[in-house]
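What follows is a set of notes on a single structure, which appears directly below.
Computed from a predicted model, the values in this text were never measured in an experiment. Computation of the quantities below employed the complete heavy-atom set of this structure, encompassing side-chain atoms and omitting hydrogens, waters and symmetry-equivalent molecules.
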Amino acid sequence: MFDWTKMEPKKTDVGAIRNLVRQPTATLDELEMHVTTLNPGLASHPPHTHPNEELVIVREGTVEVLNGGIWKRLGPGSVIFNASNSPHALRNVGETPATYHVINWQTARTPAK
């Protein structure tokens, strides 16, 4: 369990991050979870790919997400699935910070880097 009131944000160049876990589980080679807060007008990083699959859950704010070759505007409660090796990106297009939860996992079937 992760209590939001006890998650310590660490400042980054684009906002803040709350690192929750990065370790193997009983069924995953690695589970990595963090929460990012992205300042208005900024992107978390340029479009990129990685072999692991990823879920992003928007907590607050307005973001644009590159997924499947299309930029789409999303708000609180939205869920994004980034497939293995699929180009993706996220940027804050709102006037307030955007916060989103990121869940990454790797299994024995995750392609090599």
Side-chain angles (χ1 to χ4, degrees):
M1 294 188 311
F2 302 93
D3 182 342
W4 181 257
T5 64
K6 295 180 180 165
M7 293 181 200
E8 300 261 349
K10 294 185 176 129
K11 290 208 176 259
T12 67
D13 291 342
V14 295
I17 190 166
R18 293 166 169 89
N19 290 305
L20 305 181
V21 65
R22 186 176 206 144
Q23 66 184 49
T25 71
T27 61
L28 300 174
D29 292 344
E30 181 180 87
L31 173 65
E32 188 271 331
M33 297 188 304
H34 66 272
V35 181
T36 296
T37 298
L38 190 57
N39 290 331
L42 298 180
S44 55
H45 43 65
H48 71 287
T49 64
H50 43 72
N52 59 290
E53 295 172 321
E54 175 178 69
L55 281 177
V56 179
I57 304 166
V58 180
R59 177 182 171 98
E60 57 192 16
T62 304
V63 299
E64 281 185 347
V65 177
L66 176 64
N67 186 283
I70 300 168
W71 284 97
K72 177 140 181 131
R73 186 175 289 237
L74 300 170
S78 298
V79 178
I80 301 115
F81 174 73
N82 292 316
S84 175
N85 292 315
S86 175
H88 61 277
L90 186 149
R91 58 191 178 207
N92 181 350
V93 294
E95 296 181 11
T96 62
T99 298
Y100 51 92
H101 299 251
V102 179
I103 304 162
N104 289 286
W105 59 92
Q106 294 185 36
T107 71
R109 293 187 63 179
T110 301
K113 292 182 180 183

Side chain of N92, backbone of V63: donor and acceptor closer than 3.5 Å?
no
Distance only, no hydrogens: is a donor on one side chain within 3.5 Å (strictly under) of an acceptor on the other, for T99 and E60?
yes
Close side-chain approach of E32 and V21, heavy atoms under 4.5 Å:
no
Any side-chain heavy atom of L90 within less than 4.5 Å of one from Y100?
yes
Could you check whether atom CG of D3 has more than 12 heavy atoms from other residues, nucleotides or ligands sitting under 6.0 Å from it?
yes
Distance only, no hydrogens: is a donor on one side chain within 3.5 Å (strictly under) of an acceptor on the other, for H50 and H88?
yes
Would a 4.5 Å heavy-atom cut-off, applied to side chains only, mark N39 and V14 as touching?
no
Inspect the contact between R22 and E30 and indicate whether a charged nitrogen and a carboxylate oxygen are less than 4.0 angstrom apart.
yes
Quick one: do the N82 and N67 side chains pair a donor with an acceptor below 3.5 Å?
yes
What I'd like to find out is whether the side chain of N52 reaches to under 4.5 Å of the side chain of S84, using heavy atoms alone.
no
Are L20 and I17 connected, step by step, through hydrophobic side chains (Ile, Leu, Val, Met, Phe, Trp, Tyr) whose heavy atoms are closer than 4.5 Å?
no
Quick check: does any side chain N or O of T36 sit under 3.5 Å from a backbone N or O of L38, one acting as donor and the other as acceptor?
no
Let me know which of V58, I80, V56, I70 forms a side chain to side chain contact (heavy atoms under 4.5 Å, CB included) with V65.
I80
With heavy-atom distances below 4.5 Å as the criterion, would you say the side chains of P24 and D29 are in contact?
no
Applying side chain to side chain contact (heavy atoms under 4.5 Å, CB included), run through E53 and N104 and close with a yes or a no.
CA-CA 6 Å; E53 295 172 321; N104 289 286; over 6 Å; no
Is any side-chain heavy atom of V35 closer than 4.5 Å to one of F2?
no
Could you tell me if the side chain of R18 sits less than 4.5 Å from the side chain of T37, heavy atoms only?
yes
How about R91 and W71: do any of their side-chain heavy atoms sit closer than 4.5 Å?
yes
